[in-house]
Amino acid sequence: MFSRVKIKELLANYTLGDTVTVMGWVRTFRNNQFIALNDGSVLTNLQIVVDFENMDAELLKKITTGAAIKAVGEVIASQGKGQAIEIKAKEVEVLGVCDPEVYPLQPKKHSLEFLREIAHLRPRTNTFSAVFRVRHQLAMSIHQFFHNKGFVYMHSPIITGSDAEGAGEMFRVTTLPLDKLPKTEEGQIDFKKDFFGKSTNLTVSGQLEAELAALALSEVYTFGPTFRAENSNTSRHLAEFWMIEPEVAFADLNDNMDLAEGLLKYCIGQVIEHCAEDLEFLESRLSDEEKQKPQNERSEMSLREKLQFCLNNDFQRLTYTEAIDILKNSTPNKKGKFNYPIEAWGADLQSEHERYLVEKHFGKPVILTDYPKAIKAFYMRVNDDNNTVRAMDILFPGIGEIVGGSQREERLDVLMARMEEMHIPLEEMQWFLDTRKFGTCPHAGFGLGFERLVQFVTGMSNIRDVIPFPRFPGSAEF
RNA sequence: GCCUCCUUAGCUCAGCCGGUUAGAGCGCCGGACUGUUAAUCCGUAGGUCCUAGGUUCAAGUCCUAGAGGGGGCGCCA
């Protein structure tokens, strides 16, 4: 009953004179005659031509923006200029009406802020359907990349009993009644009465579990949702986001950087190859958006030029110490243009410093390595200088940190000393320490923020516009 | 959490030094036209000027508080 041809398939492969059935949603209905039909399979609308003079007027009235219709008709060469083919309708059926008086999406340009308020309807726009198709392509490319290399896709838990993942504030998971919490004799909340018999949270990272798996399967990755209860209000943070975390045994920091750079380039290349039409649309959307900005804030490259440039150039690799030297001697630092002037080695780099390195000094993606150990996590391998760790951050233009990773500390004594230094409760982490106790080996991994990758590739400036239903402080709509 | 800007019609916005009946474009609706491409042309309707206080003869406009949103910063991916 619902046999139909998708618009993408029809446009790619048609025979003039064939009778086809298409279904989709009306974008515009021009001149009582031309329906621009979209079914989401592709950006392009299919033009349906109706013979309005011989059509029921009541039916014609129901063909409005947003209505779902079925059209049966003959594939003919278009007499108009905007498209190669069109469907000469023999039969049009309105499957679902859409009252134009109250339907929020009008056949006109809407602001991204307005569309964010109607996130349940925004996939029906060109911009968001393109973003979500690209998002899909990126997800599939990530799996393909790792699969081709023989990695095992690990599903790390979403509810975690570990509260020492160290990557940020956590959302608590509980079934305890909030109005009458069970208490222990000492007056503390009695989590023994909770669903899992202990305190649990939503995961902030699958890394520790991925490490366990890597020390058995050699090469693994996770790709799942992660949750941070940080009160972050920026265009590149979400409370719920998706993260890719590979973990590789018998690998050092250089292997790690090669893997990350290879992954990013593969994904970007796949989007260029498979999402050409969506990219072209997103590029023109971005260039329209940039026309609103002052000249000096506009990007010198178009979206596709930027992506191609990433593919064609090696990412710039340098140490934190080298970066500090560059920043210290930079013009903005000498002229006092930085809000946080670079004075001494050891300071954490601010967004403005990262942006200077990426956008001004090198003009390409940058990988910074060997950060001071004082500003990095406990599990990163300490260098021989006992001052820095084998960490790496990949910085992208416009996004900042897109990847954060490290070679892991595989030496049990060093790791335990670091954990004590940083007040990580050893007794709760025995399962993790077992990896170092039983057959430990050099290994490395990183976390890639999926939405930040989607942001970079689509050119969308706000991360809330690259995930269907964004979660951020004060907002969990839909 | 901090700093900053914004909130006027369905949407995007204008509204000058506080002054009398709050405007435009697009959309919707009605009509005309009928090979259009966000069609075009004509016309109608559509407003708790975010909310609550305050100043003033007079507040969309000034002040205070609150709510919602944008941008930046911090935390990070």
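Here is how names work: the chains are called A, B, and so on, in the same order as the sequence lines, proteins then strands, and each is numbered from 1.
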Worksheet item: Hey, does A:Phe241 reach any base, or is it just sugar-phosphate, or nothing, if we go heavy atoms under 4.0 Å?
Response: base
Separation of B:G72 atom P from A:Ile399 atom CD1, nearest Å, is 11 Å
message = Heavy atoms only, 4.0 Å cut-off, all strands: where does A:Phe396 land among base, sugar-phosphate and nothing?
response = nothing
Note to self: Looking only at the side chains, is there a donor atom on one of A:Tyr379 and A:Gln207 sitting less than 3.5 Å from an acceptor on the other?
What the structure shows: yes
Answer for the Watson-Crick or wobble partner of B:A38, both distances under 3.5 Å, is none
_Once you apply a heavy-atom cut-off of 4.0 Å, does A:Val403 come out as touching a base, just sugar-phosphate, or nothing?_
sugar-phosphate
Which is true for A:Thr65 with a 4.0 Å heavy-atom rule: it touches a base, it touches only sugar-phosphate, or it touches nothing? nothing
Checking N1-N3 plus N6-O4 or O6-N4 for Watson-Crick, or N1-O2 and O6-N3 for wobble, each under 3.5 Å, the partner of B:C49 is none
Partner of B:C33 under the Watson-Crick or G-U wobble criteria, both distances under 3.5 Å, comes out as none
| A:Arg116 side chain near B:G70 phosphate (N/O to OP1/OP2, under 4.0 Å) | yes
Discussion item. Base, sugar-phosphate or nothing for A:Lys61? Non-hydrogen atoms, less than 4.0 Å.
Written reply: sugar-phosphate
Between CZ of A:Phe29 and P of B:G27 the distance, given in whole Å, is 16 Å
(request) Give one of base, sugar-phosphate or nothing for A:Asn339, where a contact means two heavy atoms less than 4.0 Å apart. (result) nothing
Base, sugar-phosphate, or nothing for A:Pro107, non-hydrogen atoms under 4.0 angstrom? base
Classify A:Ser232 by what it touches in the nucleic acid, base, sugar-phosphate, or nothing, heavy-atom distance under 4.0 Å.
base
Any strand, both distances under 3.5 Å, Watson-Crick or G-U wobble: B:G1 pairs with B:C73
**Q.** Between A:Arg172 and A:Ser199: side-chain donor-acceptor atoms closer than 3.5 Å
**A.** yes
Check: Under 3.5 Å, is there an N or O donor on one side and an acceptor on the other linking the side chain of A:His110 and the base of B:C11?
Finding: no
| Are side-chain N/O atoms of A:Arg408 and A:Ser406 paired as donor and acceptor at under 3.5 Å? | yes
Next item on the list: Have a look at A:Gln83 and say if it touches a base, only the backbone sugar-phosphate, or nothing, with a 4.0 Å heavy-atom cut-off.
Entry: base
Practice task
Name the nucleic acid region contacted by A:Gly80, choosing base, sugar-phosphate or nothing; use a 4.0 angstrom heavy-atom cut-off, strictly under.
Solution key: base
### Message
Ignoring hydrogens and geometry beyond distance, is a side-chain donor-acceptor pair present between A:Asn256 and A:Asn254 at under 3.5 Å?
### Response
no
At under 4.0 Å between heavy atoms, what does A:Gln79 touch on the DNA or RNA strands: base, sugar-phosphate, or nothing? base
From CD1 of A:Ile463 across to P of B:G72 the rounded distance in Å is 12 Å
A:Leu46 side chain reached by A:Glu86 side chain, heavy atoms, under 4.5 Å: no
* Side-chain donor or acceptor of A:Glu86 under 3.5 Å from a matching atom on the base of B:G35? -> yes
Rounded to whole Å, the CG-P distance (A:Leu46 to B:U36) equals 18 Å
Next item on the list: Tell me what A:Glu354 touches on the nucleic acid: a base, only sugar-phosphate, or nothing, going by heavy atoms under 4.0 Å.
Entry: nothing
Pairing partner of B:G19, by Watson-Crick or G-U wobble and under 3.5 Å for both distances, is B:C57
Give A:Leu238 one of three labels, base, sugar-phosphate or nothing, depending on what nucleic acid heavy atoms sit under 4.0 Å from its own.
-> base
Atom CZ of A:Arg228 and atom P of B:G1 are separated, to the nearest Å, by 19 Å
Checking N1-N3 plus N6-O4 or O6-N4 for Watson-Crick, or N1-O2 and O6-N3 for wobble, each under 3.5 Å, the partner of B:U7 is B:A67
Note: A:Phe29 and A:Ile35 closest approach over all heavy atoms is CD1-CG1, 3.5 Å
Heavy-atom donor-acceptor pair, A:Arg452 side-chain to B:C76 base, under 3.5 Å:
yes
In whole angstroms, the gap separating C1' of B:A77 from CG of A:Leu263 amounts to 14 Å
note: A:Arg122, atom CZ; B:C11, atom P; distance rounded to Å ~ 17 Å
Do A:Gln106 and B:G10 share a donor-acceptor pair, side chain to base, under 3.5 Å?
yes
Separation of B:U36 atom C1' from A:Ile76 atom CD1, nearest Å, is 13 Å
In A:Asp348, A:Asp393, A:Thr388, the residue satisfying side-chain contact (heavy atoms from CB on, under 4.5 Å) with A:Lys376 is A:Asp393
* So what does A:Glu352 hit on the nucleic acid, given a heavy-atom distance under 4.0 Å: a base, only sugar-phosphate, or nothing? -> nothing
